[in-house]
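Have a look at the structure below, then the notes.
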Amino acid sequence: MVALPFLGRLSFLLLIATTTTTAFAIGIHHGSIIRKPSSGVSNFREAPEFRNGDVCGTNASERIHIAMTLDVNYLRGTMAAVLSVLMHSTCPENTEFHFLWGKYEPEVLVSINSTFPYLNFRLYHFDSDRVRGKISRSIRQALDQPLNYARIYLADMLPPDVKRVLYLDSDLVVVDDIVKLWEVDLEGKVLAAPEYCHANFTKYFTDLFWSDKELSSTFNGRKPCYFNTGVMVVDVDKWRQGGYTPKVEKWMALQKQKRIYTLGSLPPFLLVLAGNIKAVHHRWNQHGLGGDNLEGKCRSLHPGPISLLHWSGKGKPWLRLDSRKPCAVDHLWAPYDLYGSPDHSLEE
């Protein structure tokens, strides 16, 4: 699928959200849809299976590994994110999902199996004891959940055959072929993500941190820029070899002694890696669509092309749509929503 420029893609997605069944089916895929979603044992409709590419190999080396967390409170977002990845992938059958769960909830697994009966996925239990006593209270309760920290331990949980993984949050949708992000050249770095060097980096840490010369010197020799940990390509082997998990944990332990940041699992990532990652195009994380972490007010899209829309922040599109007080950007998420009765029917 050819990525569209900003205005073209925005108009394209708005068309999906507001027009007829036929426009929806034709506009958002570049292959054929095999069947209509049917009702299953859960509240989610069965998603169609996509065969978008003419020639798709089955070699393990061609497999795309995507890691996401599974939480009943965010399951609706996870379902939409998975659908969006499959819908826009040239070879969706080459994608394997790695789901991390904290609390065993049978209905979640039932929902995954009934909604995506053809999905390649593996499940991993994240033991919350790993972060017990390490999490400090942040400005938003959702950021303090143990599962929010599971991304730090990916290299410990994934099997040795997974050499690279793409981590995705559950509050996003992909509107381009994910292989384009997957194949980014890391150039020897452990992690790739969009960087935002125009952002005020100092605000991610407290005055106490910046006034302590020993602490702030951690950025000496680097040009640190903000990056969002909701979309990351990670070299799993290099993460293990470099001991990055204990490096992040060290800052989490210090946070328990001195309040040096307020934003959950993001700041320790920045302390360890900011200024030393492979930067990718901003199109791969149009973030902040959920507003800030306190009020979640509506925000507009940033200028430029878009390959991934991310509702980071307090406001989540499914909640705002259900409340009948959606923001304009929430209508771009709605076509991927598989919950409840369909507003759209997928046809060839």
So F209 and W251, would you call those rings parallel, tilted or perpendicular, with 30° and 60° as cut-offs?
-> perpendicular

When the ring planes of W101 and H125 are compared, do they come out parallel, tilted or perpendicular, using 30° and 60° as the limits?
-> tilted

Do side-chain atoms of K247 reach the backbone of G243 as a donor and acceptor pair under 3.5 angstrom?
-> no

Report yes if the distance between the aromatic ring centroids of H302 and Y196 is under 6.0 Å, otherwise no.
-> no

Of T78, D71, L75, the residue whose pairing with V108 passes side-chain contact (heavy atoms from CB on, under 4.5 Å) | L75

Just say parallel, tilted or perpendicular for the rings of F205 and W210, cut-offs at 30° and 60°.
-> perpendicular

Side-chain donor-acceptor pair under 3.5 Å between W311 and D330, yes or no?
-> yes

Atom of P326, atom of H331 and distance for their closest heavy-atom approach | CG-NE2, 3.8 Å

Quick one: are the ring centres of F116 and F97 less than 6.0 Å apart?
-> no

Is the shortest heavy-atom distance from the side chain of S170 to the side chain of T69 under 4.5 Å?
-> yes

Check: E93 main-chain N/O paired with N120 side-chain donor or acceptor under 3.5 Å = yes

So which pairs with a foot in residues 153-182 pass ring pair (Phe, Tyr, Trp, His ring centres under 6.0 Å), sequence neighbours left out?
-> F126-Y153

Parallel, tilted or perpendicular for H287 and Y226, by the 30°/60° rule?
-> tilted

